[in-house]
Amino acid sequence: MSARRPYVRSMDGWWKRDAYFISYMAREVTAVFVALYAIVLLFGVVRLSQGEAAFNGWLQYLTTPWMKVFHLIVLAVFCYHTWSWFNIMPKTMPIIFFGGKRLQPGTITGTGLVASVVACLAVLLIVRGMS
Amino acid sequence: MKRSNEPIFWSLFGAGGMLAALIGPALVFITGIAVPFGLIFKPDTMSYAHMLAFSQNWLGKIFVLAVIALFLWHAAHRIHIVLHDFGVHAVTLVRVLCYGGAFVGTVIAAYTLLKL
Amino acid sequence: MADTEKIIEIQVLRYRPEQDKEPVLQSFKVPFTDDMSVLQGLQYIKDFLDGTLSFRWSCRMAICGSCGMMVDGKPKLSCKTFLREYYPQGLRVDALAHLPIERDLMVSVEDFVTKLESIKPYIIPKEPRTLEQGEYLQTPQQRDMYEQFSSCINCMLCYAACPQYGLNPSFTGPGILALMHRYNADSRDGGQAERNELGYADEGYWGCTAVGYCSEVCPKGVDPANAINQNKMASAINYFTRFITPGGAEK
Ligand code: SF4
Ligand code: FES
């Protein structure tokens, strides 16, 4: 009989074991807020289809203190999402050579963040122009 | 080895994540903060008339649907992974709830927008 | 020897299958000098304090990949980690996380080796050449596409850093998928279709959730997270186009 008795350790609470895992989990949990925000918008669309009074009720709801606090949190979470999204982006890209030199991870992340700032400003300007 | 069906969900996850990363902060700022707090934009920016006109336009419809649906699919994928990471073993149930939720949300949004 | 001899406390997670029901911590006081590695600290324990302590090592110079362990909770090569960094608070040494403990600081390598063999870790020539036709040529840039992924020393630190492997050991895991990519990305190789049967499965690229810690702990700069995740796009494109590309549907 074999004297071997390999011991398998539990994975319970693994994500608390390392600061790296905590930031990974933070990145993943942003999704809860993305979902909640999408649901708020979905309600808006449904309310819109039910006529002016219903839609104004939804608009009114957005100005309640709870919803204001909620959206401030969502804004912070979305900013973290943007940062973490472009932070992991270099890992998802093949090795690219640019003029004989390898495209560096920092360049990819930086380009993404700049693109995001530009896109956000564009959205703000367009909405301002439309209203 | 069985080919994974992840590409379907991963593609939606990626599209939603990219959209959220690029314009998410601006959208949240406008709909959740600037307009309700009465900052920067004119008070009627999100008025019934404006929003209705926006959502009756084909480009507007597509945009609203893309934001709502892709955000939901993005979130569904990640929440499903988070539950797996936390050690929830009811894999099928988790999948049905996450992706089912995103699917229902997409259908409601698409149907409502089409009707407008 | 330094003028004043320093003593450091090393806590070691012991597991002796014949007597311990589960792993237990044992503490040792080890005299050390600034040039001593964690591995040398363990060797001191084995030589002078407790001869029954078991751990693996060979090269003592970060190239054989046998001495991986958790040093204060981080996956490290113990020959490349120095005791002085943990002075005066002391340190704790565990067997590599996520892998079954065989004895003390030695983990079971069975799963890793079986998977390693399964990915055909050798070049499957795209076009067979006879000896007379000479060698396979490659440009420096073609080499750069895989070179970093070929630096793996099979130390399994990335496995100890990968929660997905810990949660589900049927996932092939970072190091071996990186090695798979190393061959797939080689311009001389034609084995992609064979290997990607695993790559495109849940046990392959899709088992990864892009935590990224594997790349952080790798002592050789392999970047397994990049090797895996850069394949997801190709795998997805293949998924959607397999019915319209000739011969794609059978796979
Ligand atoms: S990829 Fe790096 S960490 Fe993983 S086994 Fe190879 S050398 Fe070790
Ligand atoms: S003893 Fe060879 S890598 Fe540490």
Side-chain angles (χ1 to χ4, degrees), chain A residues 11-12 14-15 24-25 27-42 44-46 48-49 51-56 59 62-64 67-68 70-72 74-75 77-79 81-86 89 92 112-113 115-116 118-124 127-128 130-131, chain B residues 13-14 16-18 20-38 40-52 54-55 64-65 67-72 74-82 85-87 98 101-102 105 108-109 111-113 115-116:
Chain A
M11 283 297 281
D12 288 353
W14 64 269
W15 51 277
Y24 159 74
M25 278 309 219
R27 183 189 89 193
E28 299 295 296
V29 169
T30 56
V32 174
F33 292 87
V34 174
L36 289 175
Y37 180 65
I39 290 169
V40 169
L41 292 187
L42 183 58
V45 170
V46 171
L48 189 67
S49 75
E52 186 155 9
F55 186 71
N56 283 341
L59 276 185
L62 292 187
T63 62
T64 57
M67 283 312 275
K68 285 181 174 172
F70 166 77
H71 277 110
L72 283 172
V74 173
L75 180 62
V77 171
F78 264 73
C79 290
H81 166 77
T82 299
W83 181 82
S84 62
W85 186 260
F86 291 115
M89 181 107 148
T92 67
L113 291 175
S116 156
V118 170
C120 281
L121 285 177
V123 170
L124 293 177
V127 171
R128 226 199 134 118
M130 279 198 315
S131 62
Chain B
F13 154 80
M18 188 54 102
L22 284 175
I23 61 167
L27 292 180
V28 177
F29 178 73
I30 295 169
T31 70
I33 293 164
V35 171
F37 280 81
I40 308 177
F41 303 104
K42 295 201 195 92
D44 67 341
T45 301
M46 274 171 64
S47 69
Y48 178 72
H50 274 141
M51 288 295 98
L52 191 64
F54 186 75
S55 316
V64 176
L65 180 64
V67 168
I68 294 178
L70 291 177
F71 279 19
L72 284 177
H74 168 81
H77 183 72
R78 269 200 169 158
I79 292 171
H80 143 248
I81 289 175
V82 167
D85 287 349
F86 276 128
C98 289
I108 295 177
Y111 178 75
T112 315
L113 283 163
K115 260 192 351 189
L116 279 173

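Naming: A, B, ... by sequence-line order, numbering from 1 per chain.
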Heavy-atom distances under 4.5 Å only: say whether [X] touches chain A with side chain, backbone, both or neither.
{"X": "Ser55(B)", "value": "side chain"}
{"X": "Ile81(B)", "value": "side chain"}
{"X": "Leu52(B)", "value": "both"}
{"X": "Ile40(B)", "value": "both"}
{"X": "Tyr111(B)", "value": "neither"}
{"X": "Leu116(B)", "value": "side chain"}

Practice item. Quick one: which residue pairs count as a salt bridge (Lys or Arg N to Asp or Glu O under 4.0 Å) with a foot in residues 27-41 of chain A, not counting sequence neighbours? Key: Glu28(A)-Arg78(B)

Without swapping roles, check the side chain of [X] against the backbone of [Y] for a donor-acceptor pair under 3.5 Å.
{"X": "Thr112(B)", "Y": "Val46(A)", "value": "no"}
{"X": "His81(A)", "Y": "Gly17(B)", "value": "yes"}
{"X": "Trp85(A)", "Y": "Leu22(B)", "value": "no"}
{"X": "Tyr37(A)", "Y": "Leu27(B)", "value": "yes"}

Check your understanding: What orientation do Phe71(B) and Phe78(A) show, parallel under 30°, tilted 30 to 60°, or perpendicular over 60°?
Key -> tilted

Practice item. Could you tell me how the ring of Tyr48(B) sits relative to the ring of Phe55(A): parallel (under 30°), tilted (30 to 60°) or perpendicular (over 60°)? Key: tilted

Revision key, fill the gap. The reported gap from CZ in Phe86(B) to CG in Asp12(A) (rounded to nearest 0.5 angstrom) is 12.0 Å

**Study point:** Rounded distance [0.5 Å steps], CD1 in Ile79(B) versus OG1 in Thr30(A)
**Key:** 9.0 Å

**Study point:** Heavy-atom closest pair, residues Leu62(A) and Met46(B)
**Key:** CD1-CE, 4.2 Å

Study note, to complete from the structure: Most heavy-atom pairs under 4.5 Å with chain B, out of Leu48(A), Val45(A), Val34(A), belong to Leu48(A)

Exercise for review: Identify which of Asp85(B), Ile33(B), Ile108(B) forms the greatest number of heavy-atom pairs closer than 4.5 Å to chain A.
Suggested key: Asp85(B)

